[in-house]
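A short worksheet on the structure shown next.
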Amino acid sequence: MALVIVDEHGLEALTLAAVAQRAGVAPPSLYKHVRSLDALLQKVSAVATAELAEVLSHAAAGKAGLDAVRAVADAYRRFALDRPGRYPATQRVPEPTDPVHVAASESAVHTMFAVLHAYDITRDDAVDATRFIRSALHGFVSLEV
């Protein structure tokens, strides 16, 4: 239900009341499944981040160098344009206690590390380069969306 609301109305429309209404239950009933709106947002972020990581991984597969960079950049942009409700959720930092979200985030980062490896960019430089690329892509798609 939460993802449907986000897809239809944007991340800012996600509330426990909206989920309860969509599910046809009283809002207190949701607390059996999720402890707070923040916890629900964390779950939505984990799903969206996993989807983005998968898209990036598929885009980079079998490519190297500039072809890989372009493919990943295009896939990132396409995800943001195709999923304007979910995309903002991918910007949330994973809670260290959420293994699903941490794994999704790490998958996206590892894809970027693999793309950068063709340029001999590794370790701390790869972290910095990944942050730079993500920031540039996020800035671009945020303006475009």
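The model shown is predicted, which means the values in this text are computed figures rather than measured ones. The first residue of the sequence shown is numbered 1, and numbering continues consecutively from there.
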Self-check item: ring pair (Phe, Tyr, Trp, His ring centres under 6.0 Å) against Tyr76, all qualifying residues, sequence neighbours excluded
Solution: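 So Tyr76 forms a ring pair (Phe, Tyr, Trp, His ring centres under 6.0 Å) with Tyr87.
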
Quiz item: Please walk me through it: do Met112 and His117 pass side chain to side chain contact (heavy atoms under 4.5 Å, CB included)?
Solution: CA-CA 9 Å; Met112 287 307 303; His117 187 73; over 6 Å; no

Quiz prompt | Side-chain donor or acceptor of Thr49 paired with backbone N/O of Ser45 under 3.5 Å | solution =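 Confirmed, Thr49 side chain pairs with Ser45 backbone.
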
Quiz item: Side chain of Lys63, backbone of Ala59: donor and acceptor closer than 3.5 Å?
Solution: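 Pair found, side chain donor or acceptor close to backbone of Ala59.
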
If you compare all heavy atoms of [X] against all heavy atoms of [Y], which two are closest, and at what distance to 0.1 Å?
X      : Y     : answer
Ala13  : Ala18 : O-CB, 3.9 Å
Val6   : Gly85 : CG1-O, 3.0 Å
Leu37  : Leu16 : N-CD1, 3.7 Å
Ala89  : Val44 : CB-CG1, 4.1 Å
Thr111 : Leu56 : CG2-O, 3.6 Å

Can you find a pair of side-chain heavy atoms, one from [X] and one from [Y], that are under 4.5 Å apart?
X      : Y     : value
Arg86  : Val47 : yes
His33  : Lys43 : no
Val102 : Pro94 : yes
Thr90  : Phe79 : yes

Quiz item: Pick from Val4, Ile5, Val34: which one makes a side-chain contact (heavy atoms from CB on, under 4.5 Å) with Val19?
Solution: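 The single option meeting the side-chain contact (heavy atoms from CB on, under 4.5 Å) with Val19 is Ile5.
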
Should we count [atom1] of [X] as having more than 12 external heavy atoms under 6.0 Å?
X     : atom1 : answer
His58 : NE2   : no
Gln21 : CD    : no
Arg22 : CZ    : yes

Exercise. Determine, stepwise, if the pair Leu30 / Val25 fulfils side chain to side chain contact (heavy atoms under 4.5 Å, CB included).
Key: CA-CA 8 Å; Leu30 293 180; Val25 299; 4.2 Å; yes

Show the atom names and distances, to 0.1 Å, of all donor-acceptor pairs under 3.5 Å that link a side chain in residues 119-132 to residues at least two apart or in another chain.
| from | atom 1 | to | atom 2 | distance (Å) |
| --- | --- | --- | --- | --- |
| Tyr119 | OH | Leu66 | N | 2.9 |
| Thr130 | OG1 | Ala126 | O | 2.8 |

Do [X] and [Y] sit in the same hydrophobic cluster, where Ile, Leu, Val, Met, Phe, Trp and Tyr count as joined when their side-chain heavy atoms come under 4.5 Å apart?
X      : Y      : answer
Val115 : Leu52  : yes
Tyr31  : Met1   : yes
Ile133 : Phe140 : yes

Self-check item: Between His101 and Gln42: side-chain donor-acceptor atoms closer than 3.5 Å
Solution: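 A pair is found: one side chain offers a donor N or O, the other an acceptor, under 3.5 Å apart.
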
Quiz item: Side chains of His110 and Glu106: is there a donor and an acceptor less than 3.5 Å apart?
Solution: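 No, Glu106 and His110 have no side-chain donor paired with an acceptor closer than 3.5 Å.
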
Quiz item: Is any NZ, NE, NH1 or NH2 atom of the basic residue among Arg92 and Asp38 found under 4.0 Å from an Asp or Glu carboxylate oxygen of the other?
Solution: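 So Arg92 pairs with Asp38 through a salt bridge.
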
